[in-house]
Number of protein chains: 2
Amino acid sequence: MSLVQTELVAVLVVFNGDTPRVLTLEDGRSLPNGPLRTDDRSLQASLRAAVERQTGVAVGHLEQLYTFADHLPADGEPRRVAISYLALTRVGAERPAEHANPFDEAGSPAAWRDWYDYFPWEDQACPRAAPAVGALLQRLDDWITRQSPERWEELRQRRDQVFGLNGESWNDELVLQRYELLYEAGLVPEAQMADIGGDACVTGLAMRHDHRRILATAIARLRAKIRYRPVIYELMPDQFTLFALQQAVERVAGRHVHKQNFRRQVAHQGLIEETGDESREAGGRPARLYRFRRSVVMERVVAGSKLPIVRAR
Amino acid sequence: MSLVQTELVAVLVVFNGDTPRVLTLEDGRSLPNGPLRTDDRSLQASLRAAVERQTGVAVGHLEQLYTFADHLPADGEPRRVAISYLALTRVGAERPAEHANPFDEAGSPAAWRDWYDYFPWEDQACPRAAPAVGALLQRLDDWITRQSPERWEELRQRRDQVFGLNGESWNDELVLQRYELLYEAGLVPEAQMADIGGDACVTGLAMRHDHRRILATAIARLRAKIRYRPVIYELMPDQFTLFALQQAVERVAGRHVHKQNFRRQVAHQGLIEETGDESREAGGRPARLYRFRRSVVMERVVAGSKLPIVRAR
DNA sequence: CCGATTAATACTCATATTGAGTATTAATCT
DNA sequence: AGATTAATACTCAATATGAGTATTAATCGG
């Protein structure tokens, strides 16, 4: 049995109607993190308590993501292990973001940031992101060409798969695979923290340690999960319109959804019910308001709740 | 940052044509486990190397399962954290099971054991297990009746959901939920290790620490995964018949599969190809032999590969 | 050599799900 | 009044799924 330094890292996600955001520290360069204390009851319970106490947001859904071990540390220093969690929270009730680090009351200023700031290429639904993606793919291409020719085929195939090129279709769940290919190509500036900025709109904002990798894991997990578990509702306010629900799915998945089919599926899952009220915020025909039927989910422990994400054309 | 004792725990699964088996130590009472050493490169890589060096089996598929923290230890002692992995291996090339602990060359005798020895109620396809399941449900019922009446409704509902009673259908993926309900009811003798034996055919064999919980997590993960990733092939030998493949799925899932539909789906996934040979081991019409097309899987990183598991009637 | 056994294989059929589309209606905003 | 915003109502074809029946091809035990 060996002693290692163990820390918890949390990816706290909120959706404010506009874009999914994550709680960050250090001017957006790290995720909330803190030590695993020996007096904590269970990992899950203590993390939930810490988050709720410190940030004031109720954690709707909390799940373990992955346990990362860092690469070999300098000798003499203990090994570092990070146990990461994904937490979904509802917008509205949270404290101002400052000092919202769940692990450290006197921590550095915290802020909720658009997760696409870190992964601009993941926002496939956003046409204005397209040029940046083009630039990134160009650089990836350049890098491949600089490798030894016998690797070209394999690397190009991998590029096509993960970025949905040349006949392959875009798979929104491959967030981590895309990040790792770019990392291999030296296109995400984690290693050389010096040149942050510059073209962050192409390569995304960098983070300390392996926090951007953890964030990629979180996004991938959430995108996969909304297809078969009703977790998207954990990001919605008490009452919401179907259009708002659709936008949440679209912004999380980074792609468009077929409206009529989306409604059809949501309707026949029977997981939501009308409140009777209407919303006339958008300035069109008023939209009916719905609420999530929490009781039904209790009944069906594992209700398949796939969401109809539009295929690539 | 705090120092905790950190260990690795591996659930090594093999399918010998008869039943899924897991590698166990200490006369079946624990899973292979060992310290996280500071000289290991990455968790995944070092675990793979350790398993292959020690047991002689090639690990086909390795994935992290979950990181468990034990309950509060006696004061003064450091906290224990276990990072658990699921490893799928092919039968045939492994060394005799003795001393097959991947973490400890001089470890206790090891053995491959039927995983249903630990979870008899999970084998729904086996008619001779039915009486034991009946007995177990009877005891669960007795326990519920001994609780305070205002909990009856909730507990009975939970029982019906996880065991597929009273209109609910059996969900083979709820392995952990079933174990935890039985644990709560005091029906799995982890806590009182004294009375092992007795009715192990009803409550299953016990394990030390939380190893049976880890095993439950592994079974649940594998059952879920064979529905959408072609991991079942990691348990098959190089060549196999469609019937053998079906049996592997059935034994892992613990339930029957509709033969014609199974073949239809497997065929149109295009993940296997005929070898040209036939097997006449079973003594009937000879069955064609197939092999897994590894190259295709490389191409389709995420090929949906659902398997048609028969609905409960 | 015959019939039981074992399994592969070939079809059918109804129902459900999915992806994509058109058309219409109901409100607000300028 | 007409543009805008969104909800709603349908249609249609293509697949996927669950459950069957019927037939064929081999081995094995006597």
Side-chain angles (χ1 to χ4, degrees), chain A residues 17-18 125 169-172 226-228 239-250 253 255-290 303-313, chain B residues 17-18 125 169-172 226-228 239-250 253 255-290 303-313:
Chain A
D18 169 38
S169 61
W170 175 265
N171 183 331
D172 53 81
I226 58 171
R227 288 163 188 262
Y228 62 96
Q239 300 200 356
F240 50 86
T241 67
L242 289 184
F243 190 59
L245 183 67
Q246 182 182 342
Q247 282 185 309
V249 168
E250 289 184 327
R255 58 196 315 189
H256 289 299
V257 154
H258 186 282
K259 184 174 185 167
Q260 296 91 322
N261 292 348
F262 177 80
R263 279 152 187 266
R264 176 173 62 187
Q265 234 179 63
V266 166
H268 111 158
Q269 280 164 203
L271 294 173
I272 61 176
E273 63 191 1
E274 290 183 36
T275 65
D277 290 334
E278 290 182 334
S279 158
R280 38 200 81 207
E281 276 175 24
R285 174 173 172 170
R288 293 188 197 164
L289 284 168
Y290 294 81
S305 122
K306 291 187 240 165
L307 292 165
I309 285 167
V310 164
R311 248 199 214 155
R313 286 126 249 243
Chain B
D18 171 38
S169 62
W170 175 265
N171 183 333
D172 53 80
I226 58 171
R227 288 162 188 261
Y228 63 95
Q239 299 200 354
F240 50 86
T241 68
L242 289 185
F243 190 58
L245 184 67
Q246 182 182 342
Q247 282 185 310
V249 169
E250 289 184 329
R255 58 195 314 187
H256 290 300
V257 154
H258 186 282
K259 184 173 184 166
Q260 295 91 323
N261 293 347
F262 177 79
R263 281 153 184 265
R264 176 173 62 185
Q265 233 177 63
V266 167
H268 109 163
Q269 279 165 202
L271 293 174
I272 62 176
E273 63 191 0
E274 291 186 34
T275 65
D277 291 334
E278 290 182 333
S279 159
R280 37 200 79 206
E281 277 176 22
R285 173 171 172 172
R288 294 189 196 162
L289 284 169
Y290 294 82
S305 122
K306 291 187 241 168
L307 292 166
I309 286 168
V310 166
R311 246 197 218 157
R313 287 126 245 250

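In the text below, chain A, chain B and the rest are named by the order of the sequence lines, each starting its count at 1.
Distance CZ/A/Arg264 to NE2/A/His258: 8.0 Å, rounded to 0.5 Å. Distance CD/A/Glu250 to CZ/A/Phe243: 7.0 Å, rounded to 0.5 Å.
One atom, CG of B/Asn261, and another, C1' of C/dC13, lie 12 Å apart when rounded to the nearest Å. Atom-to-atom, CZ of B/Phe243 to P of C/dT5 comes out at 16 Å; the value is rounded to the nearest Å. Look at CZ on B/Arg227: it is 18 Å from P on D/dA16, rounded to the nearest Å. Atom OH in B/Tyr290 sits roughly 15 Å away from atom P in C/dA7 (whole-Å rounding). If you measure from atom OH of B/Tyr228 to atom P of D/dT17, you get 17 Å, rounded to the nearest angstrom. If you measure from atom NE2 of B/His268 to atom C1' of C/dA10, you get 18 Å, rounded to the nearest angstrom. If you take CZ of B/Arg263 and C1' of D/dG20, they are 16 Å apart, rounded to a whole angstrom. Note: CG (A/Leu242) to P (D/dT8) measures 7 Å, nearest angstrom.
Considering only residues two or more places apart in sequence or on other chains, B/Glu274 meets the salt bridge (Lys or Arg N to Asp or Glu O under 4.0 Å) condition with B/Arg288. The side chain to side chain donor-acceptor pair (under 3.5 Å) test applied to A/Gln247 returns no partner, not counting sequence neighbours.
Contact annotation: B/Arg264 side-chain N/O to D/dT17 OP1/OP2 distance is not under 4.0 Å. One finds a side-chain N or O of A/Gln265 lying less than 4.0 angstrom from the OP1 or OP2 phosphate oxygen of C/dT18. OP1 or OP2 of D/dT8 has at least one side-chain nitrogen or oxygen of A/Arg288 nearer than 4.0 Å. Side-chain N/O atoms of B/Lys259 include one lying less than 4.0 angstrom from OP1 or OP2 on C/dA8.
The two residues A/His256 and A/Ala125 have their closest heavy-atom pair at NE2-O, 3.4 Å.
Using a 4.0 Å heavy-atom cutoff across all strands shown, B/Glu278 reaches no nucleic acid atom at all.
Comparing C/dA23, C/dA8, D/dA7 by their closest approach to the side chain of A/Gln260 singles out C/dA23. Distance from the side chain of B/Pro286 is smallest for D/dA26 among the nucleotides D/dA26, D/dG20, D/dA7.
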